[in-house]
Amino acid sequence: MNYSTYTEIKKTRDAKVHQVFFNHSQLNTLHDETVKAVVNLAIKKTIDSYGPLPSPFTFFVMGSAGRFEQSIWSDQDHGIIYNGHHDRVKSYFLLLGKEISDGLYQIGYEYCDGGVMANNPLWCNSLSEWNEQLSCWIHEASWKSIRNLLIFIDGRSLYGVSSYMNDLKNYVYHSVHTERLLSGIVSNTMSIKRGVGIFGQLLVETHGEYSEMLNIKDTAFFPYVNAAKCLAIKEKNLATSTISRLMNLENPNRKSFTNYFIKLLDFRLSFSSHTNYKSGHYLPVNFITDECKKEIKKIIKNGILLNQYVQRVIESGD
Amino acid sequence: MNTAFLLNSIWVMVGAILVILMIGGFILLETGATRMKNAGHIAGKTILTFSIGSIIFWAVGYGVAFGKGNPLFGLTDFFYSGYELKGMSLSGSVFFMFQLAFAGISLTIAFGGFAERAKLAAYLLFSVLFSFFVYPPIAHWIWGGGWLAQHGKQDFAGSTVVHLTGAAAALAATLLLKPRIGKYNKDGSANNIAGHNQVFTALSVLLLWVGWFGFNAGSTLGVDKAFFGFVALNTNLGAAAGSVAAMLISWIVLGKADVSMILNGALAGLVAITASCGFVDTWAAVVIGFIAGILVFYSIRFFERKRIDDPIAALSVHGTAGVWGTLSNGFFATKELATVGKPGLFYGGGLHQLGIQAMGVMTCGLFAFLASFIILYAMKRVLKGLRVTEEEEIIGLDISEHGSYGYPELLLSKQTVKAQ
């Protein structure tokens with residue numbers, strides 16, 4: 001469907017979101033459709049203002065969008081890879097990136113606090129610039145450059161030439177292995193916020209807007225997401241969703257880890273307040289049944305086990 | 001003049017100096033636990049209120065507390081001029097200085113409940129009235145030969161007299177002043193208004209800890225048999241156990257070793273052991289401090305949930321731990337050490353001493369709370385409010401009450417950037 005304003009896209013999204021509220025896969029398909037519609041409209045507007053597209057390109061999403069695990073609301077994490085060399089081409093795609101970013105904001109996707117957006121020169125590059133930048137990040141191997149690499153690894157092409165993304169990722173995987181960077185990556189991701197106390201109680205927030213709620217993003221999601229990501233790098237797996245990455249585990253508990261993560265996605269959709277992006281990360285534990293609490297604890301504990309497994313695997317193989 | 005008299009005087013003078021230095025500890029504690037925009041105000045008003053309290057205590061407070069009179073208050077020794085006191089084996093002036101320092105500490109504790117929102121005028125007026133009508137009567141009841149002393153109430157160095165009294169006044173102030181702007185959300189949940197310098201807070205605890213040797217060990221009022229050493233030993237154990245207990249409980253319940261809780265645990269251990277440091281065995285000092293460390297953790301959470309905004313945890317550290325410390329004598333006071341009153345429950349004294357201690361806690365706590373509440377309520381009327389305006393609270397009391405910042409370069413540069 002062709003839209004002429006972002007408001008129209010927002011209306012369509014708002015009308016459809018209630019139908020897919022409790023279905024994780026359908027919800028993320030809707031997110032993809034919405035973002036694609038925004039990109040299409042942004043391209044149209046940019047062509048109207050600045051002329052035709054100067055080269056082929058791909059627009060890719062990262063973060064939870066890249067992993068196909070967004071909640072009702074989400075912030076923006078995206079970038080552009082284009083095939084061209086001139087500064088004029090770069091300026092064009094930066095303008096397109098800004099148009100997309102502003103359009104997404106109008107739909108309800110918050111800007112990324114860390115500036116991981118296609119209007120940022122760090123995340124909008126030509127193929128050769130990306131190659132150079134990724135190579136720098138790998139060789140630098142600092143905390144920040146590894147963070148950037150890990151963000152990039154979740155990239156999923158949503159529009160344009162998807163092979164650009166796959167080629168770059170294959171380059172990263174190859175370099176990470178030749179530079180023996182895996183253990184550095186693991187140590188950069190394995191810090192986990194505790195979610196269960198030593199007496200088995202859920203460790204909820206003590207202050208602020210989310211008092212008495214459990215931060216499931218830090219305590220439950222990140223252990224699964226990061227562990228699966230590290231293994232994907234190890235296995236050179238191009239899949240971005242945590243579920244697909246977990247399915248490829250060479251671990252007898254592969255199925256149960258995957259099921260726990262799917263349950264976690266369902267819990268988030270069912271119990272979190274989805275008034276805004278941040279509230280979706282918190283679970284109001286006082287309003288869920290004891291049975292659900294037990295499940296959450298199991299999910300958190302298994303997340304830690306998964307992390308320990310990943311650490312063992314990587315340390316033994318690196 | 002004999003050697004014992006001189007040594008007693010020197011030791012208690014050292015104690016008085018250490019206790020007055022604790023005011024410095026409280027400056028660091030309160031500024032560290034609050035925001036930069038109020039730092040200069042807190043530092044300055046603490047010195048000022050101690051000054052006012054000193055003069056009032058000299059003029060009338062000491063007479064009410066330690067003068068001869070009836071079981072409720074003393075009526076002699078006003079405007080004390082440094083003469084020797086009958087039946088004292090140390091210098092009268094030294095004893096006066098020691099007691100003045102205690103009154104100053106109690107007043108400083110009370111002001112914990114005023115933090116970050118009370119008018120300067122409220123501090124000044126309350127310094128006068130507290131040092132006349134609130135602290136001295138309670139000191140008289142327990143230490144000045146008053147009615148609780150006649151019952152054998154044990155309070156070696158002032159868990160009740162100094163700490164509970166100060167905390168009860170802080171509670172009255174907190175209730176009348178209401179929470180600081182931004183402390184609570186519409187749904188009742190509390191925000192953490194973080195203090196601006198945790199290093200200050202930690203240093204304050206160390207300073208107070210050392211000062212407490214003057215506070216407790218100095219309360220022997222002499223050097224006989226070097227008993228002060230034993231009191232200091234118990235004091236140290238109480239503080240250490242409180243700190244460890246608070247760390248453990250916060251780690252168990254919250255999943256992290258909360259730094260401010262560790263610091264509050266040490267202080268709670270000190271407050272609790274204050275009543276019993278001269279009456280209990282060393283193992284009991286550890287238990288008393290440990291329980292205080294646990295209690296302070298839950299007490300802080302309790303007050304916060306009740307929407308009682310206590311920025312420096314004065315109610316829990318000095319109130320809850322003060323109550324527990326006083327009651328602990330009723331359990332742990334030994335036959336040999338109970339020179340006042342009777343042994344506790346665990347030493348064959350039955351429930352007698354526990355009952356006396358509970359009565360002391362209730363009457364003193366209630367009196368200090370009601371007297372402070374009435375005084376503050378009347379002040380609220382006279383001063384047309386105890387609290388600064390919202391605008392003044394937001395810009396900070398450094399500017400609104402004093403016209404200058406405690407951290408001028410930093411805060412003024414922020415303003416300049418905003419203006420640009």
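These figures come from a predicted structure and were not determined experimentally. Numbers restart at 1 for each chain; the letters A, B, ... are given by sequence-line order, proteins then strands.
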Trainee: Quick check: are there more than 12 heavy atoms from other residues, nucleotides or ligands sitting under 6.0 Å from CZ of Phe287(A)?
Mentor: no
Trainee: If you round to the nearest 0.5 Å, how far is OG1 of Thr206(A) from CG of Asp258(B)?
Mentor: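 OG1 of Thr206(A) is found 7.5 Å from CG of Asp258(B).
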Trainee: Go through it in stages, so that I can follow the logic: the residues are Lys256(B) and Leu203(A), the test is side chain to side chain contact (heavy atoms under 4.5 Å, CB included), and I'd like the CA-CA distance, side-chain angles, deciding distance and then a yes or no.
Mentor: CA-CA 10 Å; Lys256(B) 58 197 170 196; Leu203(A) 297 172; over 6 Å; no
Trainee: Measure distances from Asn192(B) to the heavy atoms of chain A and classify the residue's part below 4.5 Å as side chain, backbone, both or neither.
Mentor: both
Trainee: Looking at Ser189(B), is its backbone amide N or carbonyl O close enough to the side chain of Glu209(A) to form a donor-acceptor pair, meaning the two atoms are under 3.5 Å apart?
Mentor: no
Trainee: Is Tyr105(A) atom OH crowded by more than 12 heavy atoms from other residues, nucleotides or ligands, each under 6.0 Å away?
Mentor: no
Trainee: Within a 6.0 Å radius of atom CG on Asn286(A), are there more than 12 heavy atoms belonging to other residues, nucleotides or ligands?
Mentor: yes
Trainee: Would you say that more than 12 heavy atoms from the other residues, nucleotides or ligands in this model lie under 6.0 Å from the NZ of Lys16(A), or not?
Mentor: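 No, because the 6.0 Å sphere around NZ of Lys16(A) holds 12 heavy atoms or fewer from other groups.
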